[in-house]
Amino acid sequence: MSETLACTAEIRRWEGETAVYHMVTIGGDMAEAITMHERLHRLEFGGRRGFGSVKVLAAIGDTRWKISVFPSKTGEWLLLVGKKVLKAEDLAAGDTAKIALELL
């Protein structure tokens, strides 16, 4: 059983020690739904995935890709957006994107 969620979020740039990442922060009702999905998955399979992540099929515009979202300490979830997706959808840091996530 999978669930599809949608939101609009700003693409942010974050510089790590060795690389630059682009991501969106998912909060509110959508974050609560992802958290509940993760809890149910943990109960069903008896453990957590690495870092408490949740597998998703993400979509921005016509671009779809499989990835995981990661929990933050604030209860929000982080979705990394790769360079290929940014280029395909003509997006950059500071742009707003419509995001759909199918929870796997």
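Predicted, not measured: the structure shown is a model, and the values here were computed from it.
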*Asks:* Under the 3.5 angstrom rule, does the side chain of His37 hit a backbone N or O of Leu104 as a donor-acceptor pair?
*Replies:* yes

*Asks:* Please find the pair of heavy atoms, one from Ala31 and one from Gly75, that lie closest to each other, and give the distance.
*Replies:* CB-O, 3.7 Å

*Asks:* Going only through I, L, V, M, F, W and Y residues with side-chain contacts under 4.5 Å, is there a path from Val54 to Leu80?
*Replies:* yes

*Asks:* First locate atom SG of Cys7, then atom CH2 of Trp77, and finally report the distance between them rounded to the nearest 0.5 Å.
*Replies:* 14.0 Å

*Asks:* Enter the distance from Thr4:OG1 to Glu102:CD here, rounded to the nearest 0.5 Å.
*Replies:* 4.5 Å

*Asks:* How about Ile67 and Val56: do any of their side-chain heavy atoms sit closer than 4.5 Å?
*Replies:* yes

*Asks:* For Glu10 and Gly94, work out which heavy atoms get closest and say how close.
*Replies:* OE2-CA, 3.6 Å

*Asks:* At what distance, to the nearest 0.5 angstrom, does NZ of Lys55 lie from CG of Leu103?
*Replies:* 13.0 Å

*Asks:* Atom CD of Glu89 and atom NZ of Lys98: how far apart are they, to the nearest 0.5 Å?
*Replies:* 12.5 Å

*Asks:* Is it possible for you to say whether Leu78 and Tyr21 belong to one hydrophobic cluster, with membership spreading through side-chain heavy-atom contacts below 4.5 Å?
*Replies:* yes

*Asks:* What distance do Thr8 atom OG1 and Met30 atom CE have between them, rounded to the nearest 0.5 Å?
*Replies:* 9.5 Å

*Asks:* Just verifying a value: how many Å separate His22 NE2 and Leu91 CG, rounded to the nearest 0.5 Å?
*Replies:* 10.0 Å

*Asks:* Is any side-chain heavy atom of Glu76 closer than 4.5 Å to a side-chain heavy atom of Ile26?
*Replies:* no

*Asks:* Using a 4.5 Å cut-off on heavy atoms from C-beta on, say whether the side chain of Met23 contacts that of Trp14.
*Replies:* yes

*Asks:* Can you name the closest pair of heavy atoms from Gly52 and Pro71 and give their distance?
*Replies:* O-CD, 3.6 Å

*Asks:* Please test Arg13 against Glu15 for salt bridge (Lys or Arg N to Asp or Glu O under 4.0 Å), starting from the C-alpha separation and ending with a verdict.
*Replies:* CA-CA 7 Å; Arg13 180 179 181 200; Glu15 270 189 61; 3.5 Å; yes

*Asks:* Is any side-chain heavy atom of Val81 less than 4.5 Å from a side-chain heavy atom of Ile60?
*Replies:* yes

*Asks:* Return yes when atom CZ of Arg64 has more than 12 non-hydrogen atoms of other residues, nucleotides or ligands closer than 6.0 Å, and no otherwise.
*Replies:* no

*Asks:* Same cluster or not: Leu5 versus Phe70, using hydrophobic residues (I, L, V, M, F, W, Y) connected whenever any side-chain heavy atoms lie under 4.5 Å apart?
*Replies:* no

